Structures are given as structure tokens and as C-alpha cells.
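What follows is a short report on a single structure.
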Amino acid sequence: MENGEKAVETVVVGNYVEMESEGKDSDMKSKLSNLFWHGGSVYDAWFSCASNQVAQVLLTLPYSFSQLGMLSGILFQLFYGLLGSWTAYLISILYVEYRTRKEREKVNFRNHVIQWFEVLDGLLGKHWRNVGLAFNCTFLLFGSVIQLIACASNIYYINDNLDKRTWTYIFGACCATTVFIPSFHNYRVWSFLGLLMTTYTAWYLTIASILHGQVEGVKHSGPSKLVLYFTGATNILYTFGGHAVTVEIMHAMWKPQKFKSIYLFATLYVLTLTLPSASAVYWAFGDLLLNHSNAFALLPKNLFRDFAVVLMLIHQFITFGFACTPLYFVWEKLIGMHECRSMCKRAAARLPVVIPIWFLAIIFPFFGPINSTVGSLLVSFTVYIIPALAHIFTFRSSAARENAVEQPPRFLGRWTGAFTINAFIVVWVFIVGFGFGGWASMINFVHQIDTFGLFTKCYQCPPPVMASPPPISHPHVNHTRSL
């Protein structure tokens with residue numbers, strides 16, 4: 001058995017060693033290009049996971065704390081952080097299992113990026129593939145929409161001469177340039193910079209809130225309503241459900257079998273950003289956050305805040321690329337362009353993917369509430385329920401468990417422990433995340449539509465200040481009677 005496992009590992013590693021040596025060849029030709037453009041190491045994967053996981057949600061988590069209360073907000077972050085790390089681990093195990101089986105059949109993936117729905121297809125059949133494809137694509141579509149909405153929401157706090165809808169038009173055009181980034185292999189410098197940007201923003205929120213102090217008469221009444229409580233919880237579910245692109249990140253690695261614990265370490269780092277920032281902002285502003293889903297709205301305008309806004313704008317461009325790139329791959333495969341060598345042709349073919357994202361961001365500009373809706377209806381299945389069920393069904397037979405490339409950790413009870421955790425995740429996320437969370441987030445989402453309307457020009461913008469009318473000048477009347 002041990003020899004078999006080593007042989008399997010050699011097959012997987014061997015293929016990536018070959019790819020790595022090709023990378024070294026190109027090193028000699030262009031060291032600078034390799035430094036900034038070609039990433040496939042464990043560190044690249046860690047930066048990609050951490051950078052992708054915490055983006056605009058950093059600005060909406062204080063809003064979630066106002067709905068949940070301080071204690072529940074902290075506990076839900078820790079809880080869903082662990083659940084997300086476990087299901088990311090499951091996805092990585094299923095990817096390596098699928099890839100190993102295919103490479104035994106001499107399948108070559110040199111010009112093909114493996115995606116989650118293909119893993120499901122290879123391990124469990126076409127029905128699993130179709131369900132996985134539907135949920136994954138819809139989630140990534142709305143994940144891209146959320147990044148576009150966040151861009152417009154943030155830039156408004158620097159320049160309010162244009163309304164948020166106009167900013168959405170502008171940033172939609174800017175984000176469309178991500179069609180020129182071939183794959184996650186080429187996000188090396190962007191992932192690194194993206195994490196620096198969110199780190200600065202998180203600590204700016206923390207320090208600025210503490211220095212600002214509590215507003216006069218601050219109230220911390222959360223949780224006050226059941227609807228708000230589950231809406232806030234599903235936003236946190238969404239926060240730690242950023243591993244819908246796990247397979248694509250793994251495929252960009254030289255040695256994907258080393259991915260197993262990367263997402264856990266990325267989550268631990270992300271918690272050092274989200275917990276202090278959300279707690280500090282909620283401590284300072286309390287219930288005011290219930291009507292301000294973007295934390296920037298309550299902090300005083302100064303150079304530090306404007307710098308944080310600019311950094312988050314750049315980071316949201318990067319995260320848009322993370323969410324949209326798998327959609328580009330699916331579209332390329334659908335129209336037969338995925339293995340085309342010309343990047344310009346592929347970029348042109350990808351452009352139609354951006355159009356529906358642009359349109360949806362203009363229809364539903366509800367920054368904050370849309371996160372919870374996507375979290376409950378899409379994230380719950382895409383990155384929690386489906387991976388847990390897929391792991392159970394893939395290894396349900398004793399033969400499959402015996403020949404598995406990767407055995408579950410011993411300290412968790414091997415297969416019995418793994419299946420128990422999986423079953424708990426399925427039940428919990430279906431009832432609490434999808435059930436109660438879906439009910440609460442849809443009520444909140446419909447309330448936003450009723451209050452602001454679809455295609456609203458400027459969601460949660462302060463009302464325009466009416467200029468005081470100029471004094472009325474009365475013409476001089478001569479009251480002297482004419483004789």
C-alpha cells in the first residue's frame with residue numbers, strides 16, 4: 001500500500017517537475033518576467049488564497065457585527081473560518097484524486113486548466129458535474145458583480161461628483177482588462193500586492209476607529225431582530241467561502257499536493273485582519289452601521305482614508321480577476337478557444353463574459369445585503385455542501401478508501417471522523433446557512449429593492465444638500481403720489 005502511494009505521488013510530482021523545469025528555462029530568457037508573472041510555488045498559492053479571501057467583505061463585516069452583536073460576530077468568524085478551511089482541504093483532496101486517476105490513463109493537461117466541475121465529472125459523473133457547474137458559475141458571476149459594486153461604492157467616498165451608477169460604468173470597463181491575464185499562474189505580483197493592500201486597510205480601520213473613539217450616545221443593540229441576525233451570519237459565511245477558485249489555484253501550482261493546509265494558514269492570517277477591524281469599527285459606531293454597510297462611510301475623510309479607498313479599489317480589480325478567470329475558462333471551453341495559443345484571440349473571446357456582470361451590478365447595487373444573499377443561496381452549496389457530499393460519495397466504497405491517494409488525518413479519526421465532519425457541515429449549512437440565512441437575506445434584499453428600487457443611481461448616498469435660496473430683492477416702489 002505504501003509503495004502504491006509513493007508511486008502515485010511520483011506520477012503527480014513528476015508532471016509538475018517537468019513544468020517547473022520549463023519555468024526555469026524561461027528564467028534564463030527573462031528573469032524579470034518570471035519574477036513578476038510566473039508563479040507556481042506554495043507561497044504564490046498562499047498569497048492567492050489570502051488575497052482572494054478578504055476583499056470588500058473587510059468593509060461590510062462591521063455592518064454584520066451590528067446585526068449579530070460583538071460576541072456572535074467573533075464566534076461566527078472563527079467557526080466559518082474552520083469550516084471553510086476544511087472544505088477547501090476536501091476540494092484539494094478530490095482534485096489530487098481526480099488528477100492522479102487521469103494521469104494513470106495518460107491524459108495530458110499541458111494546455112488545459114482543470115476546473116471543479118471537471119473534477120466532479122471525473123469522480124462522480126455528469127449529474128454532479130452539471131450541479132457543480134451551475135452553482136460555481138452563478139456564484140463566481142455574482143462574486144464578480146459584488147466586486148464591481150464595491151468599486152463604485154468606495155470611489156464615491158473620494159469623489160462624489162459622479163453617482164455610484166456612473167462609477168459602475170467606468171469600473172466595469174476597467175475590470176474588463178482582466179481578460180488579458182491568462183490564468184492564476186500569472187497573478188503572482190497581484191496576489192502579493194493585494195494582500196498588502198487589505199492588510200493596510202484592515203489596520204487603518206482598526207486604528208482610525210480607536211482614535212476616533214465612540215460616537216456620542218453610541219448603542220450596541222445587536223442582535224435585535226432574527227432577520228438581521230441571520231443576514232449578518234450569512235455575510236460571514238460568504239466571507240470564508242472564497243475557495244470556489246481552489247481548483248484553479250491548485251492547478252497553477254508546480255506541486256498541487258502541497259496545497260492541503262495552505263487555505264487554513266491563509267484563513268488564520270485573514271482572521272488577524274477581520275477580527276480587530278470589525279470589532280473596532282463596531283465598538284466606535286455601534287448601531288449607526290445598520291444603515292451604513294460600507295465602513296468607509298462613517299470614518300472621517302482624510303489622507304489615510306483616501307489612501308485606503310484607493311488601495312481597496314486596486315484590490316477589488318484583482319479580486320474581480322480572481323472571480324472572473326474561472327468563468328473565462330468555462331466560456332473558452334464552451335466555444336472551443338481554451339487551448340488557443342494566441343492570448344489576444346482568447347482575450348477577445350472572453351469579453352462577452354463581462355457584459356452580464358456589468359449589467360447585474362447596475363441592476364442590484366446593494367453593497368452589503370447582496371453579500372448575504374449570495375452567501376446563503378450560492379456559497380452554502382458551492383463551497384460547503386457540494387464538496388462535503390462529493391467527498392463522502394467519492395470514497396463511500398471500501399475499495400475507494402483503500403486506494404485513495406490521500407488518507408484523512410489520523411488525529412481526526414481517519415474516514416469515520418472525516419465523514420462525521422462532512423455530515424455535520426451539510427446539515428448545519430443547509431439548515432442555518434441556506435434555510436434561515438436564505439430566508440433572512442431575501443427579506444433584507446427585497447427590502448432594499450422596495451426602499452431604493454432597481455437601477456438606483458446612488459445606493460445609500462446621503463441626500464443632496466439643498467442650497468438656501470437667494471434673498472428676494474423687491475424692486476424699489478415709489479409711494480409718492482403724483483400730483
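On a predicted model such as this, the values are computed, not experimentally measured, just so you know. Position 1 is the first residue of the sequence; numbering continues from there.
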Is the shortest side-chain heavy-atom distance between [X] and [Y] below 4.5 Å?
| X | Y | result |
| --- | --- | --- |
| Ile318 | Phe322 | yes |
| Pro326 | Gln115 | yes |
| Trp46 | Leu195 | yes |
| Cys175 | Leu148 | yes |
| Thr325 | Val245 | no |
| Phe109 | Arg99 | yes |
| Leu327 | Cys137 | yes |
| Phe180 | Arg350 | no |

Side-chain donor-acceptor pair present, Asn294, Ser153, cut-off under 3.5 Å: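 On atom types as modelled, these side chains qualify, holding a pair under 3.5 Å.
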Ignoring hydrogens and angles, state whether a donor on the side chain of Ser191 or Ser48 is under 3.5 Å from an acceptor on the partner side chain. yes
Once you measure the plane-to-plane angle for Phe230 and Phe436, does it fall in the parallel (<30°), tilted (30-60°) or perpendicular (>60°) bin? parallel
Check the orientation of Trp190 and Phe317. Use parallel for under 30°, tilted for 30 to 60°, and perpendicular for over 60°. perpendicular
Carefully, step by step, assess Phe171 and Leu313 under the rule side-chain contact (heavy atoms from CB on, under 4.5 Å). CA-CA 9 Å; Phe171 278 99; Leu313 285 172; 3.9 Å; yes
How far apart are the closest heavy atoms of [X] and [Y], and which atoms are they?
| X | Y | answer |
| --- | --- | --- |
| Ala45 | Ile262 | CB-CD1, 3.8 Å |
| Leu237 | Ser380 | CD2-CB, 4.2 Å |
| Ala280 | Ser209 | O-CB, 3.5 Å |

Check side-chain hydrogen bond (donor to acceptor under 3.5 Å, both in side chains) between Thr272 and all other residues, then give those that pass, not counting sequence neighbours. none
side-chain hydrogen bond (donor to acceptor under 3.5 Å, both in side chains) partners for Ser144, two or more places apart: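 With neighbours one apart ignored, the set is empty.
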Are the side chain of [X] and the backbone N or O of [Y] linked by a donor-acceptor pair below 3.5 Å?
| X | Y | value |
| --- | --- | --- |
| Asn154 | Cys151 | no |
| Tyr98 | Ile93 | no |
| Ser224 | Ser221 | no |
| Arg305 | Tyr157 | yes |
| Gln67 | Gly232 | yes |
| His338 | His112 | no |
| His315 | Leu196 | no |
| Arg188 | Asp44 | no |
| Trp116 | Asn136 | no |
| Gln257 | Val96 | no |

To the nearest 0.5 Å, what is the distance between [atom1] ([X]) and [atom2] ([Y])?
| X | Y | atom1 | atom2 | value |
| --- | --- | --- | --- | --- |
| Asn444 | Ser376 | CG | OG | 10.5 Å |
| Leu273 | Thr201 | CG | OG1 | 9.5 Å |
| Leu377 | Met442 | CG | CE | 6.5 Å |
| Leu61 | Ser279 | CG | OG | 9.5 Å |
| Leu205 | Leu59 | CG | CG | 6.5 Å |
| Leu58 | Ser277 | CG | OG | 4.5 Å |

Using salt bridge (Lys or Arg N to Asp or Glu O under 4.0 Å) as the criterion, list what pairs up with [X], not counting sequence neighbours.
| X | value |
| --- | --- |
| Arg346 | Glu332 |
| Lys260 | Glu406 |
| Lys333 | Glu118 |

According to side-chain contact (heavy atoms from CB on, under 4.5 Å), who are the partners of [X], at least two apart in sequence or on a separate chain?
| X | result |
| --- | --- |
| Phe304 | Tyr200, Tyr204, Asn302 |
| Leu351 | Ala176, Val179 |
| Thr138 | Phe142, Leu378 |
| Ser66 | Tyr63, Tyr282, Leu289, Leu290 |

Would you mind listing every side-chain hydrogen bond (donor to acceptor under 3.5 Å, both in side chains) that reaches into residues 71-90, with sequence neighbours excluded?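 Checked against side-chain hydrogen bond (donor to acceptor under 3.5 Å, both in side chains) - neighbours excluded - the pairs reaching residues 71-90 are Ser72-Tyr229, Gln77-Thr274, Tyr80-Trp428, Ser85-Thr267, Trp86-Asn422, Thr87-His243.
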Kindly state each residue pair satisfying side-chain hydrogen bond (donor to acceptor under 3.5 Å, both in side chains) with at least one member in residues 166-179, sequence neighbours excluded.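 Residue pairs passing side-chain hydrogen bond (donor to acceptor under 3.5 Å, both in side chains), neighbours aside: Asp163-Thr166, Thr178-Tyr328.
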For residues Phe285 and His212, establish whether the separation of their ring centroids is below 6.0 Å. yes
Would Phe47 and Tyr187 count as a close aromatic pair, with their ring centres under 6.0 Å?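 Ring centroids of Phe47 and Tyr187 are no less than 6.0 Å from each other.
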side-chain contact (heavy atoms from CB on, under 4.5 Å), that's the test. Do His220 and Gln214 meet it? Break it down for me. CA-CA 11 Å; His220 300 90; Gln214 292 184 312; 3.5 Å; yes
Begin with the C-alpha distance, continue with both residues' side-chain angles, and end with the deciding distance and a verdict on side-chain contact (heavy atoms from CB on, under 4.5 Å) for Val379 and Tyr384. CA-CA 7 Å; Val379 174; Tyr384 291 98; 3.7 Å; yes
Pick from Thr234, Asn235, Thr231: which one makes a side chain to side chain donor-acceptor pair (under 3.5 Å) with Ser64? Asn235
Could you tell me whether Lys225 atom NZ has more than 12 heavy atoms of other residues or ligands within 6.0 Å of it?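 Counting other residues, nucleotides and ligands, NZ of Lys225 stays at 12 neighbours or fewer.
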Are there more than 12 heavy atoms of other residues, nucleotides or ligands under 6.0 Å from atom OH of Tyr269?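 Yes, the 6.0 Å shell around OH holds more than 12 heavy atoms from other groups.
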Any residue meeting ring pair (Phe, Tyr, Trp, His ring centres under 6.0 Å) with Phe434, in chain and number order, not counting sequence neighbours: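 Applying ring pair (Phe, Tyr, Trp, His ring centres under 6.0 Å) to Phe434 gives Phe381, Phe430.
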Would Asp287 and Lys219 satisfy salt bridge (charged side-chain N to carboxylate O under 4.0 Å, His left out), going step by step from the backbone distance to the final call? CA-CA 6 Å; Asp287 289 353; Lys219 291 182 180 179; over 6 Å; no
